[in-house]
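Beneath this line is the structure, given in structure tokens, with notes to follow.
Letters go in sequence order (proteins before strands), and every chain restarts at 1.
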There are 2 protein chains.
Amino acid sequence: MRPTTKDLAKAAGVSLATVDRVLNGRSGVRKKTIATVNDAIKRIGFERNQIAATLARQRAYRFAFAVPRSGGEFLDEIIERIREFDRVGRAEMIETEVIRIDDRDPHEAARTLGRLSPDKIDGIAIMAPETPQIRDALHRMRERGIETIPFVANQQEDGFVGIDNRAAGATAGRLMGRFLGQRQGTVIALTETTQSRDSLERRLGFDGVVNRDYTNLRVLPTLETHGDPGRTRHVLRNALDAHDDVVGLYIMGAEARTPIEVGGQLNAINRLVVIAHERTLSTEAALRSGEIDAVIHQDPGHLVRSAVRILRAKCENRSTLASQERIRIEILIAENL
Amino acid sequence: MRPTTKDLAKAAGVSLATVDRVLNGRSGVRKKTIATVNDAIKRIGFERNQIAATLARQRAYRFAFAVPRSGGEFLDEIIERIREFDRVGRAEMIETEVIRIDDRDPHEAARTLGRLSPDKIDGIAIMAPETPQIRDALHRMRERGIETIPFVANQQEDGFVGIDNRAAGATAGRLMGRFLGQRQGTVIALTETTQSRDSLERRLGFDGVVNRDYTNLRVLPTLETHGDPGRTRHVLRNALDAHDDVVGLYIMGAEARTPIEVGGQLNAINRLVVIAHERTLSTEAALRSGEIDAVIHQDPGHLVRSAVRILRAKCENRSTLASQERIRIEILIAENL
DNA sequence: GTTGATCTGAGGTGCGTACCTCAATTAAGC
DNA sequence: GCTTAATTGAGGTACGCACCTCAGATCAAC
């Protein structure tokens, strides 16, 4: 039989109350006693029964996902997965909710986060640009006892859930090079805004591979669409007009729908190797139809489940298996959709 | 507050004992009463608290993974993931164990499975060839009340956990075609044994794509290694001698180490596009060194966690979210390892 | 109406932990 | 040694459900 708290109390020569105080980090225990209990934990191999602990808490874990108010298909997909998780999670006493924050107004976003109280929420996964205001708000949340982790954005932070965007860019670069083979020419790189760290990282990774291993290719400075179809058409047409040897298109942003549409209309896409990011209804359809050649993807379901596992582990101050939590950089083509 | 069994009893106008009988499928309840309770469940949106239910069972779930006695690196990897899961699972009252079965002796395998009693085990994931003896043994296990699911092998069975091998082969075929570009020549396909259904499916998928879309390529009949380095060297050398235009090598089996080694020794691999299955220490190293170009993979951690989720859901007669349980066909290259 | 079988209710115990109160003990400062 | 504060123990209740017993109700067949 697995040792219980009762066994632990006996082994440590203390009462259940003290065991409880130590296990849950409550105050009013001498350092020496804490050490005694910890020794006993190791000695008898005690491990808290999380099932019983969760039940005894008398309330569900409540986790929030703070996501931008504006977003494309990929964000919709993530939100759908959060809601899906919520449905099955309730039976395991985990409730999840989506909180929208305004990524264009850092002050308002910080205020929204500031309003969250530990009474209503145990942890939060944040998908937001790293502005000083947000950073401050997060710091204050942690002080109030709310666990936080960066989600999809801000990979350099601790406990990040998401992919290594630099490696993702390198992956795209490798595929671009290999798919183009001996062909010589220009590659267009497109994103919503070059301000975003994700785009920067991806571009760095992409260039790293292409410049080193595919000297037959030349990558143009990144074009910006600002998510605007008109502007997308404009910059794309300009680039195609200016270079008659365009052979590849790398769509770096999460919103590939408009570039694909515009590319198709310009009748350019059929001759190009096109690589985009994130599986959405649009990129999936484009993969099937052959309009694009590969998609670099991170699984939204895994993202959500991993974030919840990590938040929960933090609440129970456990550690997690890093190997289990690394989000894969997936390569999708028509055949493995 | 979520409705509890008590609320359900009140809503259905029956006692807690009857609610328990219905929820857990015990005998001695009239059909009409069962219907009344089920109606009430829907009406008030009752959902069993799995945390409390698990605790009240007074014992952990015990799941087994039946895997072949002989196997290569990929099997080792899977077993390692099972043990890893076991360590974290115990805190959630899920115990897992590995059972070795002799895949060369179906009778002995069936006997091993036959010895398993519902007292000692709640469910089992089986990775074994589909012989009549095994099929019988599984049938009898289910009758005894042990849940079973096919694992990695036998994808056509219900509840299968693993990848669609035909699609995996098609994925390999597409990559082979794209990586070779305009090059013309012969492609070698290699496996341990063509008797295995996995190999057959992969070959079918591979051929489907290559024969249709890459007429510049010709795929030779599948070579068999029987897992023997000597034989591998022999058949590979023969094939390379017989065809001076070999441009690609497709290693279909799970054990790629020997073919990669032999190919390297024959000094052939550097000129070829090589695609293998399953990430292992060998294929990972070969990807990094450039000896192979891509690996088609299924994540062992996901395989194990998914199998456990499905077995547990079956024990609690719940349904699972199919979308969450589909094992991805992953494409690995050096950049997204 | 009786008998026997079938169904249902009432009530209990226990799982392993969280979280609470209050009294008792021990340590620390003077 | 005394006072005060810090530490510890004892005991309780609760979570939502599984699983048990036994008496009482209901039903069907005769």
Side-chain angles (χ1 to χ4, degrees), chain A residues 1-37 40-41 44-61 90-95 118-119 122 312 315-318, chain B residues 1-37 40-41 44-61 90-95 119 122 315-318:
Chain A
M1 225 27 204
R2 278 166 56 94
T4 70
T5 42
K6 215 178 275 184
D7 301 323
L8 177 55
K10 199 173 293 173
V14 300
S15 72
L16 269 178
T18 300
V19 164
D20 173 63
R21 292 184 184 110
V22 174
L23 283 182
N24 296 294
R26 304 185 213 287
S27 61
V29 188
R30 266 182 308 168
K31 281 200 184 121
K32 203 180 140 196
T33 312
I34 296 181
T36 309
V37 173
I41 288 177
I44 68 173
F46 171 82
E47 228 179 322
R48 195 195 312 231
N49 183 326
Q50 296 296 353
I51 296 284
T54 306
L55 183 61
R57 284 178 85 239
Q58 316 226 48
R59 60 203 171 92
Y61 286 101
R90 299 188 102 83
E92 320 237 285
M93 304 183 74
I94 299 177
E95 294 171 9
D119 299 342
D122 299 302
R312 185 164 162 212
C315 288
E316 295 165 351
N317 53 75
R318 286 182 294 120
Chain B
M1 225 27 205
R2 279 165 56 93
T4 70
T5 43
K6 214 179 275 184
D7 301 323
L8 177 56
K10 199 174 294 175
V14 300
S15 73
L16 269 177
T18 300
V19 163
D20 173 64
R21 291 182 185 112
V22 174
L23 282 183
N24 296 294
R26 304 186 213 286
S27 60
V29 188
R30 266 182 307 171
K31 280 196 185 130
K32 204 180 142 196
T33 312
I34 295 181
T36 310
V37 173
I41 288 177
I44 68 173
F46 171 82
E47 228 180 323
R48 195 196 313 229
N49 182 326
Q50 296 297 354
I51 296 284
T54 306
L55 183 62
R57 283 178 85 239
Q58 317 227 45
R59 62 202 170 93
Y61 287 101
R90 299 187 101 83
E92 319 237 286
M93 302 181 77
I94 299 178
E95 293 170 8
D119 299 342
D122 298 302
C315 287
E316 295 165 351
N317 53 74
R318 287 182 293 120

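Taking every nucleotide of DNA chain D with any atom under 4.0 Å from a non-hydrogen atom of chain A, the first and last of them, 5' to 3', are D:dT7 to D:dG16. You can see that DNA chain C meets the heavy atoms of chain A within a 4.0 Å-exclusive cut from C:dG16 to C:dA27, reading 5' to 3'.
Counting any heavy atom pair closer than 4.0 Å across all strands shown, B:Arg48 reaches sugar-phosphate atoms only and no base atom. Here A:Met93 lies out of heavy-atom contact (under 4.0 Å) with every strand.
Annotation for A:Glu95 and A:Ala60: closest pair OE2-CB, 3.7 Å, computed over non-hydrogen atoms. Across every non-hydrogen atom of A:Tyr61 and A:Cys315, the tightest pair is CE2-CB, 3.8 Å.
The C1' atoms of five pairs define one axis at each end of the helix from C:dT8-D:dA23 to C:dC30-D:dG1, and these two axes lie 30° apart (to 10°).
Between A:Arg59 and A:Asp122, at least one side-chain nitrogen of the basic residue sits less than 4.0 Å from a carboxylate oxygen of the acidic one, meeting the salt-bridge criterion. In this structure, B:Glu92 does not pair ionically with A:Arg318, as no charged nitrogen and carboxylate oxygen lie closer than 4.0 Å.
Against DNA chain C, the stretch residues 3-20 of chain A makes heavy-atom approaches under 4.0 Å through A:Thr4, A:Thr5, A:Asp20. Annotation: proximity of residues 26-37 of chain B to DNA chain D (heavy atom, distance under 4.0 Å) is found for B:Arg26, numbered in ascending order.
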Just list the side-chain donor-acceptor pairs under 3.5 Å for residues 47-55 of chain B, sequence neighbours left out, or say none.
unit_1	atom_1	unit_2	atom_2	d
B:Arg48	NH1	B:Asn24	OD1	3.0
B:Arg48	NH2	B:Leu23	O	3.1
B:Asn49	OD1	B:Ile51	N	2.9
B:Asn49	OD1	B:Ala52	N	3.0
B:Thr54	OG1	B:Gln50	O	2.6

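Separation of atoms CZ (A:Arg2) and CG (A:Asp7) is listed at 11.0 Å; rounding is to 0.5 Å.
With a 4.5 Å cut-off on side-chain heavy atoms, B:Lys10 and B:Ile44 do not count as touching.
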